[in-house]
Protein chains: 2
Amino acid sequence: MSDAYYLQLTEQLRTLIDQNAALWEGKLPAERSLAERFATTRVTLRQALSQLEGEGLIHRSNRRGWFISPARLVYDPTRDAGFNDYVRAQGRQPRTAVLKLESRAHPPAARALGLPDDQPFQHIRRRRYVDDRAVLVESLWVVPERAPELLDIYSGQSLWGLLRERWGHYLANRSIRMVSEALSPMDAEELFVAPGTAGLNINRAILDDQQRPIEFDEEHWLHDSLCISVELSGQR
Amino acid sequence: MSDAYYLQLTEQLRTLIDQNAALWEGKLPAERSLAERFATTRVTLRQALSQLEGEGLIHRSNRRGWFISPARLVYDPTRDAGFNDYVRAQGRQPRTAVLKLESRAHPPAARALGLPDDQPFQHIRRRRYVDDRAVLVESLWVVPERAPELLDIYSGQSLWGLLRERWGHYLANRSIRMVSEALSPMDAEELFVAPGTAGLNINRAILDDQQRPIEFDEEHWLHDSLCISVELSGQR
DNA sequence: CCGGCTGATTGGTATAGACCAGAAGTCTGC
DNA sequence: GCAGACTTCTGGTCTATACCAATCAGCCGG
């Protein structure tokens with residue numbers, strides 16, 4: 001083949017990874033040793049590794065090295081199953097870390113919910129893990145009137161569960177938006193990856209059955225960690 | 001700031017692009033001249049450009065240079081509005097090129113529709129443009145019994161329109177899957193971009209109201225050209 | 001046995017330069 | 001005036017090397 005060398009390298013690495021995944025326990029050898037093995041430079045090697053990263057086969061943890069990516073989590077953003085539930089349903093181990101609890105305004109959330117820019121929200125920021133890999137950070141912006149004292153009682157459980165059980169909210173209308181992105185320096189740092197790593201941004205605006213705004217939700221996922229799946233029946 | 005230089009460069013380029021977008025008519029100056037202007041190497045400059053590419057601000061056309069990306073197309077994969085309709089509804093100009101018409105088996109489509117691997121399909125491959133930029137290629141795999149003579153009469157119009165009007169098919173059940181990807185060499189070539197360019201893969205399996213398989217649909221989008229949007233009402 | 005220090009390793013960043021093939025622009029000859 | 005040949009420019013790829021800062025493993029002392 002007359003392809004570029006880094007593309008050949010990509011294929012060789014792909015098979016090499018397949019064969020040695022178990023042996024290496026998920027972590028690839030050092031870039032320098034791989035570059036030496038294929039008689040090339042780190043620059044070219046990294047170009048090949050980046051290809052595989054784009055495919056979602058491997059990923060890197062900032063300054064720690066390259067790792068083989070686990071299977072993607074299947075996720076249906078139109079359903080309101082909690083994160084913990086569907087992660088466990090796929091035989092994986094979920095975990096959540098709460099990063100921030102505060103009260104403040106957030107114009108993008110306000111606009112998405114049709115509220116004035118200075119509308120205060122209860123802000124919950126959390127990081128979610130699957131099998132001890134951080135796969136997303138998210139910010140939840142809850143309208144205070146809908147869930148008083150939320151910030152005092154919240155400690156990492158399912159927010160939608162709380163809204164339903166404690167305040168009886170019926171999450172009837174959702175408008176969902178998904179865009180590919182490059183993770184901002186802040187999001188990247190919270191996910192332990194390099195700034196600019198490919199991500200997927202999922203936003204949801206949620207209203208109740210009387211069109212009253214309840215909550216706005218901003219998720220930043222690592223691009224290789226999920227597979228979005230939606231099942232629909234009936235003409236739309 | 002003590003950030004890496006390429007990150008500072010990214011910001012400088014961002015404002016430079018904002019200011020000169022009109023002047024440059026959408027095309028950035030040559031890499032060499034940009035590198036000189038910022039007193040750095042092409043390698044470092046390209047690192048910064050790649051950041052902006054990841055954000056979807058700019059993109060490149062293979063060997064032709066860097067271009068400012070137009071606004072993303074808003075797309076709802078759960079609705080069956082035709083491509084031409086929703087592109088025009090957003091004030092843009094759609095175009096379609098048919099790349100291939102053939103009849104053959106395709107195991108992935110067969111599996112998604114619950115048919116045997118050797119099931120033959122009518123295969124339509126087409127490239128779609130928005131305002132003269134190729135933004136996706138797709139393969140449609142139609143079950144022959146549902147649409148006899150499709151390959152003889154098809155010439156670029158809306159497939160779902162045809163299925164509905166000519167064969168009276170009611171596209172009742174869809175199972176949709178979205179995954180980020182790196183474009184394969186073939187897909188990349190058909191979209192005039194470099195292999196490995198970030199893309200979004202959207203697959204749809206479509207059954208009628210009696211659960212009979214009709215069609216399987218594989219779309220490969222440039223990652224920066226769309227914004228997926230879904231509106232739902234009612235509990236799910 | 002545990003915790004903090006330390007040095008080797010490794011990924012992240014950057015420089016400088018080179019060659020090739022495709023694209024674009026120019027020139028030429030009919 | 002136009003088609004085709006030629007030249008230049010430009011992005012794509014690659015080499016070789018270097019330094020920094022974060023990580024990690026191992027050592028040392030309490």
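Each chain gets a letter, A, B and so on, in the order the sequences are listed, and its residues count up from 1.
- With a 6.0 Å radius and a threshold of 12 heavy atoms from other residues, nucleotides or ligands, B:E36 has its CD atom at or below the threshold.
- For the atom pair NE2 of A:H123 and CG of A:L150, the computed distance is 11.5 Å after rounding to the nearest 0.5 Å.
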How far apart are the C-alpha atoms of A:R204 and A:E219, what are their side-chain angles, what is the distance that settles it, and do they pass the salt bridge (charged side-chain N to carboxylate O under 4.0 Å, His left out) test? CA-CA 9 Å; A:R204 262 187 301 240; A:E219 304 177 356; 2.4 Å; yes
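- Atom pair B:K27:NZ and D:dC9:C1' shows a separation of 10 Å (rounding to whole Å applied).
- Following rounding to the nearest Å, A:Y6 (OH) and D:dT15 (P) show an atom-to-atom distance of 13 Å.
- B:E190 pairs with exactly one of B:R126, B:R125, B:R127, B:H220 by the side chain to side chain donor-acceptor pair (under 3.5 Å) rule, that one being B:R125.
- Note on A:Y5: every side-chain N or O is 4.0 Å or more away from OP1 and OP2 of D:dC14.
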Do any N or O atoms of the protein come closer than 3.5 Å to N or O atoms of nucleotides 16-24 of chain D, and which pairs are they?
unit_1, atom_1, unit_2, atom_2, d
D:dC24, OP1, A:R64, NH1, 3.0

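- For the pair A:H59 NE2 and C:dG12 P, the computed distance is 12 Å after rounding to whole Å.
- Partners of B:W66 by ring-ring contact (aromatic ring centres under 6.0 Å, His included), not counting sequence neighbours: none found.
- When each of C:dT15, C:dT13, D:dG12 is scored by its nearest atom to the side-chain atoms of B:T44, the top-ranked nucleotide is C:dT15.
- In this structure, B:E36 places its CD atom 15 Å from C1' of C:dA16, rounding to the nearest Å.
- In this structure, the CZ atom of B:F192 is 17 Å from the C1' atom of D:dG11, given to the nearest Å.
- Atom CG in B:L45 sits roughly 12 Å away from atom P in D:dG12 (whole-Å rounding).
- Residue A:R46 contributes atom CZ, which lies 8 Å from atom C1' of C:dT13 at whole-angstrom precision.
- Summarising the geometry, the separation between CG on B:L49 and P on C:dA14 is reported as 14 Å, rounded to the nearest angstrom.
- For the pairing with A:E31, the salt bridge (Lys or Arg N to Asp or Glu O under 4.0 Å) check across A:R60, A:R46, A:R63 returns one residue only, A:R46.
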